[in-house]
Amino acid sequence: AARSTAALAIEKARQVPASLRDEREFTAQAKIDAFRGVRPDQMLTALRGKDVVVAFVESYGRSALEDPQFAPQVTGVLDGGAARLRAAGFAARSGWLTSPVTGGGSWMAHATFYSGLRIDNEQRYRSLVASDRLTLTQAFRRASWETAALMPATDRAWPEGEFFGFDRVHDARTLGYCGPTFSWSPMPDQYVLSALERMERGRPDRGPLMAELALTSSHVPWTPTPRLVDWDAVGNGSVFAPMVVDAPPYDDSRSRLDYRTSIEYSLTSVLS
């Protein structure tokens, strides 16, 4: 017991100066806010009048496109989706973003995306949301976009939403879902996308919209995975109930297959 206590004390003693040093570094970085003084009418000019949707797909990373156990099926979904987009007059482009965190903490990755600062620990996250840093969402709001977040895994108040610049936050309590949960995921991605259309994009007399979607069907443990249904049949989500009846329990030996299947489902939902 004495040895373990001493080891813990030593580790904590090492963490304190590292934490203080990181706090100083982050404060210096946060002071560089290149867009703070830009006039709203000079921001985001190439996107005027257009809806912008930022959809975060949980657990979707390079392994899905490069690991031979996943790549053929996942790239097949993307290639098929790109062909359908071209036929409809759209184009697709891809690139890599490096997340500041792995194995959890996705809210810090979201904060990094919106702030332009590397947020890789809770201290930095708390410092960010207590600051007056201009975020991407705030920039959209200043430039006369309506802003909304759809967060199906949030089941309590999220005061940080105001800092990031969201006019409206739709969470598990207000999305109107009446179907089953899918393991960790409170609702299928297709339902969240349908709710985006119903609650935001389908509203009459609205202005241009900037929306964030946190899609959770591909969140570990990846089973059971929902299936795509006809969009007109989504309704309040009760249509998904039969998909969890007699669903097999989580099996570690199937986790890689289940991961791939969940990514295929999430990407198919977004492309559809």
Side-chain angles (χ1 to χ4, degrees), residues 51-60 101 103-111 113-114 119 122 125-126 129 135 137 141 146-203 206 209-229 231-245 247 249-250 258-259 261-263 265-270 272:
D51 288 346
V52 176
V53 177
V54 179
F56 291 96
V57 177
E58 286 280 357
S59 309
Y60 179 38
V101 292
S106 56
W107 60 92
M108 290 185 277
H110 297 190
F113 179 85
Y114 285 120
I119 310 298
E122 284 292 342
Y125 183 81
R126 291 192 298 270
V129 299
T135 66
T137 320
R141 185 159 71 173
E146 296 183 40
T147 57
L150 280 74
M151 307 183 68
T154 300
D155 58 5
R156 66 196 69 184
W158 186 54
E160 297 99 314
E162 176 58 31
F163 162 76
F164 284 111
F166 290 108
D167 295 320
R168 294 175 294 279
V169 175
H170 307 289
D171 59 24
R173 304 166 299 175
T174 59
L175 282 168
Y177 181 66
C178 297
T181 60
F182 285 78
S183 189
W184 187 92
S185 179
M187 60 194 74
D189 292 348
Q190 187 182 12
Y191 180 85
V192 179
L193 290 159
S194 178
L196 171 69
E197 295 296 314
R198 183 181 72 254
M199 304 176 79
E200 291 292 343
R201 294 193 71 247
R203 288 188 297 107
R206 66 170 178 85
L209 174 72
M210 185 273 184
E212 174 195 343
L213 307 181
L215 301 177
T216 59
S217 289
S218 53
H219 190 290
V220 66
W222 308 309
T223 184
T225 299
R227 298 184 299 276
L228 209 66
V229 302
W231 285 96
D232 292 332
V234 172
N236 66 2
S238 57
V239 68
F240 297 103
M243 299 181 190
V244 300
V245 176
Y250 174 74
D258 290 335
Y259 166 73
T261 301
S262 73
I263 293 295
Y265 167 78
S266 292
L267 295 179
T268 300
S269 296
V270 172
S272 179

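Heads up: numbering here begins at 1 and tracks the sequence.
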Nearest 0.5 angstrom please: [X] [atom1] to [Y] [atom2], how far?
X	Y	atom1	atom2	answer
Asp189	Phe182	CG	CZ	10.5 Å
Met151	Leu215	CE	CG	11.5 Å
Thr216	Glu58	OG1	CD	7.0 Å
His170	Leu213	NE2	CG	10.5 Å
Trp184	Ser218	CH2	OG	10.0 Å
Glu200	Thr147	CD	OG1	9.0 Å

Under the side-chain hydrogen bond (donor to acceptor under 3.5 Å, both in side chains) rule, collect the residues that match up with Thr181, sequence neighbours excluded.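 Thr181 satisfies side-chain hydrogen bond (donor to acceptor under 3.5 Å, both in side chains) with no residue once adjacent residues are dropped.
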
So, Tyr265 side chain and Pro188 main chain: donor-acceptor pair closer than 3.5 Å or not?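 Absent.
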
Taking Thr154 for its side chain and Arg156 for its backbone only, find out whether a donor-acceptor pair lies under 3.5 Å.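 No: the side chain of Thr154 does not pair with the backbone of Arg156.
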
Indicate yes or no: at least one non-hydrogen side-chain atom of [X] is less than 4.5 angstrom from one of [Y].
X	Y	result
Gln190	Ser269	yes
Phe240	Val234	yes
Ser217	Ser262	no
Tyr125	Glu160	yes

Partner residues of [X] under the side chain to side chain contact (heavy atoms under 4.5 Å, CB included) criterion, sequence neighbours left out:
X	answer
Glu146	Asp167, Arg168, Arg203, Arg206, Leu209
Val239	Val229
Ala195	Leu150, Leu175, Tyr191, Arg198, Met199

For the pair Phe163 and Tyr114, evaluate side chain to side chain contact (heavy atoms under 4.5 Å, CB included) and give the outcome as yes or no after the intermediate values. CA-CA 11 Å; Phe163 162 76; Tyr114 285 120; over 6 Å; no

Please report the closest heavy-atom contact between Ile119 and Val101, naming both atoms and the distance.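 Result for this residue pair: O-CG1, 4.3 Å.
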
Please find the pair of heavy atoms, one from Pro221 and one from Ser183, that lie closest to each other, and give the distance.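 Looks like CG-OG, 2.9 Å.
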
Glu197: what forms a salt bridge (Lys or Arg N to Asp or Glu O under 4.0 Å) with it, not counting sequence neighbours?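 Testing Glu197 for salt bridge (Lys or Arg N to Asp or Glu O under 4.0 Å), a comparison that skips the adjacent residues, returns Arg201.
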
Residues 173-188 vs salt bridge (Lys or Arg N to Asp or Glu O under 4.0 Å), sequence neighbours excluded, gives Asp171-Arg173

By the definition side-chain contact (heavy atoms from CB on, under 4.5 Å), identify the one residue from Pro186, Ser185, Pro152 that meets it with Val192. Pro152

Any luck finding a side-chain donor-acceptor pair between Glu122 and Trp107 under 3.5 Å? yes

Classify the side-chain pair Trp231/Ser272 by whether it contains a donor and acceptor separated by less than 3.5 Å.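 Distance-only check passes for Trp231 and Ser272.
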
Using the ring of each side chain (for Trp, its six-membered ring), is Trp222 parallel, tilted or perpendicular to Tyr259, with breaks at 30° and 60°?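 Rings of Trp222 and Tyr259: perpendicular, over 60°.
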
